[in-house]
*Asks:* 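My structure is below; once you've seen it, I'll send some questions.
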Amino acid sequence: MKALSKSVAGPGLTLSDRAIPTLGENDVLIAPTYAGICGTDHHIYEWDEWSAQTVPIGIAVGHEFVGHVAAVGAAVTGFRVGQRVCGEGHIGCGLCRECQNERSHFCAKVQVIGVNLDGCFAQYIRLPERNVWPIDDRIPDVIAAVMDPIGNAVHTVSAAQVQGAHVLITGAGVIGLIATGVAVAYGARSVTVVDLEVGHLEQATAMGASAVVDAREPDWMETVKRHSGGEGPDVLIEMSGAASAITKGLALVRHGGTAALLGIPAQPLTLDLASLVIFKGLQVIGITGREVYKTWRQAEELLVSGQLRLDAIDFKILPMVDFERAFDHASTARSTKVLLTVGLENS
Ligand SMILES: [Zn+2]
Ligand SMILES: [Zn+2]
């Protein structure tokens with residue numbers, strides 16, 4: 001099969017032939033059709049410090065996909081060949097306290113496809129049956145391919161409990177835009193989105209934001225307060241990972257409010273915890289992955305009911321052979337979701 005792998009310890013990826021994965025009795029073999037390029041893939045592509053310490057040389061990259069079941073192990077009962085599926089890419093150990101409490105997203109031994117294990121930029125990928133998710137017929141392929149980042153957005157917004165709240169979202173990349181739609185669907189009183197690019201702010205408006213604010217304006221923090229009931233937002237949803245967005249976002253949240261942090265800072269950062277968090281009594285929640293499978297059910301419900309629509313997000317679809325162009329595009333257009341056609345003809 002063809003797969004896009006990290007074959008040398010340096011920037012770039014290699015498209016090459018490799019063996020189709022063999023199946024254990026509880027495994028499902030999936031032939032991906034569309035696979036999404038994510039920020040994580042970018043780190044691996046560029047081979048930054050985190051990747052060099054984390055990613056084994058030789059693995060196929062990629063963790064967001066939709067595809068069809070190509071084969072099932074002898075003990076698999078829940079899936080049949082040909083069924084349309086995607087999968088939870090975080091594979092918990094199944095044995096620790098968190099896994100046993102159905103909180104495998106907190107498993108300290110979690111392994112992630114395309115990061116620690118072979119991923120989905122390949123004509124076939126193997127997943128344990130418990131990580132495979134059937135796709136509702138009403139969800140189209142390009143949306144199903146990005147259930148992973150949709151899940152990140154749903155997880156963040158639901159953890160922050162936005163109903164009736166003034167919500168501030170910092171960062172209108174793909175996940176920030178999806179979070180905007182989710183916050184609206186979950187009954188936020190107002191949703192203010194901050195970004196540095198006018199195009200992204202227009203997309204946020206199309207996703208239902210009640211106000212958008214350009215953080216290049218000198219008085220943007222005052223504008224956010226004005227749009228959030230005067231006192232500042234009840235909830236911060238931090239999607240950018242930018243140090244200034246994190247500190248200023250925390251500074252804006254009203255006393256007693258909540259901050260849910262998903263964006264990953266490139267470097268360790270220094271925060272005035274006393275004034276930003278402790279004396280304000282903020283609840284700060286770190287978000288990783290998705291709740292398995294609570295978040296997946298919530299995301300499916302939002303999509304199938306039409307409460308969450310992703311029309312404002314641009315999708316760019318390129319064949320896997322054009323991966324260099326696709327990665328270039330994904331790095332420059334934060335609010336565009338780039339998909340690779342993997343198993344399809346001419347890919
Ligand atoms: Zn991802
Ligand atoms: Zn575990």
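Order of appearance sets the numbers: ligands from 1, and atoms from 1 within every ligand. This one's a predicted model, so the numbers in the text were calculated from it and none came from an experiment.
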*Asks:* Classify the ring geometry between Tyr293 and Trp133 as parallel (under 30°), tilted (30 to 60°) or perpendicular (over 60°).
*Replies:* parallel
*Asks:* Quick check: are there more than 12 heavy atoms from other residues, nucleotides or ligands sitting under 6.0 Å from CD of Gln111?
*Replies:* yes
*Asks:* Quick check on Glu197: does its CD atom have over 12 non-hydrogen neighbours (other residues, nucleotides or ligands) under 6.0 Å away?
*Replies:* yes
*Asks:* Can you tell whether the side chains of Asp234 and Arg189 come within less than 4.0 Å, N to carboxylate O?
*Replies:* no
*Asks:* State whether a side-chain donor-acceptor pair under 3.5 Å links His155 with Thr295.
*Replies:* no
*Asks:* Does any donor atom in the side chain of His43 or Ser51 lie under 3.5 Å from an acceptor atom in the other side chain?
*Replies:* no
*Asks:* If I only include protein atoms of type N, O or S, how many are less than 2.8 Å from the Zn ion (ligand 2)?
*Replies:* 4
*Asks:* Which value, rounded to 10°, describes the OE2(Glu64)-the Zn ion (ligand 1)-SG(Cys38) angle?
*Replies:* 90°
